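Take a look at the structure set out below.
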Amino acid sequence: MSRVMSSPVARYAWLAATLLLLVLLPLTDSATLINVATKCLIAGLFAMGFNLLWGQMGLLSFGHAAYLGIGTFATLHMMNAIDEGWGLPAPLLPVLAGALGVVVGALMGWFASRRTGIYFAMITLAVAELTHVIADKWQGFFGGEAGVRSIRTDWWLFGFQDATSVYYYCLVWSVLLVIALWALLRSPFGLLMYALRENEERVRFLGYRTHSIKVVGFAVSAGVSAVAGSLMAFMNESANASMFATLTSAEVVLNTVIGGSAVFLGPALGAAFNTLFGYYIGGLSHFWLLYQGLIFVLVIMYAPGGLGGLFSGATRQAREGRLAHHAPAYAVGALASLLIAVATITVVELVGTVMGSSYRVLRLTSGETWPPVSLWGIDWHPLGIGTFTFVLVLIGAGTVLLRWAMASHRQALDRIGSET
Amino acid sequence: MVMDYFLVSLLNGVIYGLMLFMVSSGLTLIFGMMGVLNFAHASFYMIGAYIGYLCSLHLGFYAGLVIAPLVVGALGVFSERLLLRRVRPQGHTHELLLTFGLFFIFEEVIKVFFGNFAVPYQVPAGLDFAAFSVGSIEYPFYRLFIGVVALVMFVAILAVLQLTRLGIVVRAAVHRSDMVAALGHNVPTVFTALFGGGAALAGLAGAVAGAFFPTSPTMASDLGTLVFVVVVIGGLGSLSGAVVGALLIGVVTSFAVGLNVSLASLAASLGLGDTLTQMGGLFTVSLSSLAGTIPYLLMLLILLLRPSGLLGERS
C-alpha cells in the first residue's frame, strides 16, 4: 500500500497512462519488444506476490522460487494434458496453478510463520533448497536437464500462437491479480497484515490469531507467485529444474528492493527495470550483473525507498510546489551519478577485456605488451596516462558535484522545515 | 571393505567439517554480536581462494596462506566500516540486504578478473602425495593438511576468545552488547575487528581449501547456504554450536554421498520393493543423489523444533 497519499486524480492519471501504454504496446509490432514486455509483466507479478509478504507483513522470504516453479511445472503438465485431449480451457490454467500455489503456500507458510525474523527467512531458504535438490533429481516430473516441454493449445475463439496474444494473456492476468491485491491490501484484512508488521504483539492482544493471518498472507503470496510461474510456462512452453535455483529467489528480492517495497506498484516497477536492464544492458556487456549488483547496493545505501520511493517522493514535491527548490540538486546529482557511472563502466569494461582470454590471444598476435582496447569508439591504452586521467577526473568531478548536490538538497529540506 | 569405506568417509567428513567451521565461526559470532546474518561471508571464502591462487602463481603457495587472510580481513573491515555501518540505523533487514548485494558484487567482480570458469589453483607439489592407504584407498596428504590448518585455527580461536581480554569483551558483547558498551568498551570497533577477523578466517579457509576443491566464482554460493545450515543447526551466535554443526554436516554429507541405495531398494528388504519401483518417481532416485537434501532437512527440523539450535541459548 502506498504510504504516500497522493491526490486521486494524479495517481489515477499515472496509472491510466501506464495501462494505456501497456495495452497499445503491441502496436509497435516489434516481436522482441513484446517478448521483453511479457517477461516484465511476469517478473512484475512475481515481485508483487513476493512483496505481499515482505512489504506488507515484513516477512522476508528467500525461497519464493519454489512457488514460481510449482506454478510453472503444474501448468506445463496441464498443457500436455490439454494436448492429449483433456478438456480444460487454456485461459484458466493460471487459476489451477494458483490454487496449487495457495495450497502449497499455506502448508509451507504454516511451518515458516511459526518463526519470525531471520528464522523465518532461513526456513523459506531451506524449503527452497530442498525443492531445488528434489526437482534436480526427480526426472520423472521435472524432466532432468532437458526439462519439460509442452505446447500452447488454442481455445474457443482465442489463438495463442503468436507473441501478441501471449502478451495480452499475461497482461489480462497480471492486471486482474494486481487489482485483486490492491483490494486485498485496502480491505480490513490487509490492514491487519500491516498492523502485524508494525506490532505483532498488540494485534495478538486485540484477539486476532496472528499465525493464521500470516499463513493466509503466505498462501496468497505463494498463489500469486504460482500464477506468475504459470504465465511463464505459457510463454516459454518449457522449463527445467534450474529455475528452482537460489538465483531465482534472489532476483525477486533484488527486483522488489530496487523498485521499492513501500510503494504498491514499486516491486513491479523494479522487476520491469531489471528485466529491461538485463535484456538491453545484458546484450551490451558481459558484466551487467555486476552493474545490477552495484545499483542494488546504491539503492540500499542512498535510496532505501527504491525507484518507487524516489518517484512518489518527486511527485509529492511537485504537487506541493516544492520541486523547484529541489530541482537543481536533483539535476546536479543526476549529472554526478552519470559521471561516476561512466568512470565505473570504463574501469570494469577495460579490466574485464584485458583479463579475458581473447585479449591474451591479441597480446600474442599483435606483439604489443598492452594493445589498446576499443570502447565507445575510442582506443584506450590499458596502462596509459590518458585512461587513468579520464577515470580519475570523472570520479573526482562526480564526487565534488555529488557532495554539493547532497548539501544543497539538505539545505532545501531545512528551508522548508523552517518555513512550515 | 565396509570398514575402509567407513574410516575414509569419517575422516573426510571430519576434515570437511573443520573447514566448514573455519567459515562458520566468524559468521555465527557476527550474528551473535550484531544480529546480522552476513550473506557475503562465504564470498570471503571465495575471495581467499582466488588470492591464494594469485599468490601461488607469483609468490608461492605458502605466501598465499599469509596474504589471503590479510587481504580478505582488510576487505571485511572495509565492508563493515564504510558500508554496513552506514545502513545500520535503518535496521537489521537493510544490513542483511546490503550483505546480500555485496555477495552479488563480489562474485561478479571475481568474474571480471578471472572469468566465469574455475581457475587451475592446485595443491603444491610438496604436499601432493598419499599420506597412507586404507585398504585400496590412498588417502591424500593434503586433506590432512586442511584438517591440521583448521584444527590449529580452531585452537587459536578458542585461545583468543577464552584467554585474552579481547576475547572476553567479544564474548560478552555477543551476549549483551549494550552492557559491554555501558562498561566503556568501544563496541563498534570491537565489531569491526570481529568482522575483519571472521572474514580473514574465511579467507584462510578459502586459500587452503581452494587448492583442493575447485576454485570457481560459484564456490561462494555453493558453500554459502551450507554455512547457514551449520550456524542455524548449532545455534546462531553460539561458537561451540558452530563446531558441532560443522562436524555434523561434514560427516553426514560425507557418508550420504557414498550410499548407493534408493528408497525402493530399502523397501525391498521389507518386501515392498516391486511396488515402489513401479511407482518410480522419487522412490528410485538413489539416496546419494538426495544427499544434498539432508542438511536442509536437518536445518528445517532444528528451526521448527528448537530454533535456538543445538547449543544456542533458549530465547
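A quick note: this is a predicted structure, and the numbers were derived from the prediction, not measured.
- Residue B:Phe31 touches chain A through its side chain alone, counting heavy-atom pairs closer than 4.5 Å.
- One distance of note links CD1 of A:Ile300 with OG1 of B:Thr99; it measures 9.0 Å at 0.5 Å rounding.
- Remark: B:Phe114 CZ is packed, more than 12 non-hydrogen atoms of other residues, nucleotides or ligands lying under 6.0 Å away.
- Looking at A:Val348, the atoms closer than 4.5 Å to chain B (heavy atoms on both sides) sit in the backbone and in the side chain alike.
- We find the CD1-CG distance between B:Ile105 and A:Leu294 to be 4.0 Å, quoted to the nearest 0.5 Å.
- Ranked by heavy-atom pairs under 4.5 Å with chain A, the list B:Asn116, B:Leu98, B:Val112 is led by B:Val112.
- Contact of the B:Glu108 side chain with the A:Trp288 side chain is not registered, since no non-hydrogen atoms from C-beta on lie closer than 4.5 Å.
- Distance CZ/A:Phe296 to CZ/B:Phe100: 6.0 Å, rounded to 0.5 Å.
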Side-chain polar contacts of residues 32-46 of chain B - donor-acceptor pairs under 3.5 angstrom, sequence neighbours left out - could you list them?
{"from": "B:Asn38", "atom 1": "OD1", "to": "B:Ala40", "atom 2": "N", "distance (Å)": "2.9"}
{"from": "B:His41", "atom 1": "NE2", "to": "B:Val23", "atom 2": "O", "distance (Å)": "3.0"}
{"from": "B:Ser43", "atom 1": "OG", "to": "B:Ala40", "atom 2": "O", "distance (Å)": "3.4"}

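- Residue contact with chain B, scored on non-hydrogen atoms closer than 4.5 Å, involves the side chain of A:Phe62 exclusively.
- Contact of A:Phe120 with chain B is not made at all, since no heavy-atom distance falls under 4.5 Å.
- Considering all non-hydrogen atoms of both residues, A:Ala126 and B:Leu300 come closest at CB-CG, 3.8 Å.
- Contacts of A:Phe111 with chain B are made by both backbone and side-chain atoms, with heavy-atom separations under 4.5 Å.
- Within the 4.5 angstrom heavy-atom criterion, only side-chain atoms of B:Leu96, from C-beta onward, approach chain A.
- Atom NE2 of A:His286 has 12 or fewer neighbouring heavy atoms from other residues, nucleotides or ligands inside a 6.0 Å radius.
- Residues B:Leu304 and A:Arg114 come closest through the heavy atom pair CD2-CD, 4.4 Å.
- With B:Leu97 as the partner, the side chain to side chain contact (heavy atoms under 4.5 Å, CB included) test is satisfied by one option alone out of A:Leu254, A:Val253, A:Val297: A:Val253.
- Both the backbone and the side chain of A:Ile123 come within less than 4.5 Å of a heavy atom in chain B.
- Among residues 240-250 of chain A, the residues having any heavy atom closer than 4.5 Å to a heavy atom of chain B are, in sequence order, A:Leu247, A:Ala250.
- How far CE of B:Met299 is from CG of A:Leu130: 9.5 Å, rounded to the nearest 0.5 Å.
- By the side-chain hydrogen bond (donor to acceptor under 3.5 Å, both in side chains) test, A:Ser285 pairs with A:Glu349, sequence neighbours left out.
- Here the closest heavy-atom approach between residue A:Arg115 and residue B:Leu303 is recorded as NE-O, 2.7 Å.
- Taking every heavy atom of both residues into account, B:Arg86 and A:Met301 meet most closely at CD-CE, 3.6 Å.
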Taking only distance into account, with no hydrogens and no angle test, what donor-acceptor pairs under 3.5 Å do side-chain atoms of residues 221-237 of chain B form with protein atoms, sequence neighbours excluded?
{"from": "B:Ser221", "atom 1": "OG", "to": "B:Thr218", "atom 2": "O", "distance (Å)": "3.1"}
{"from": "B:Thr225", "atom 1": "OG1", "to": "B:Tyr296", "atom 2": "OH", "distance (Å)": "3.3"}

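- Contact of A:Leu289 with chain B is made through backbone and side chain together, with heavy-atom distances under 4.5 Å.
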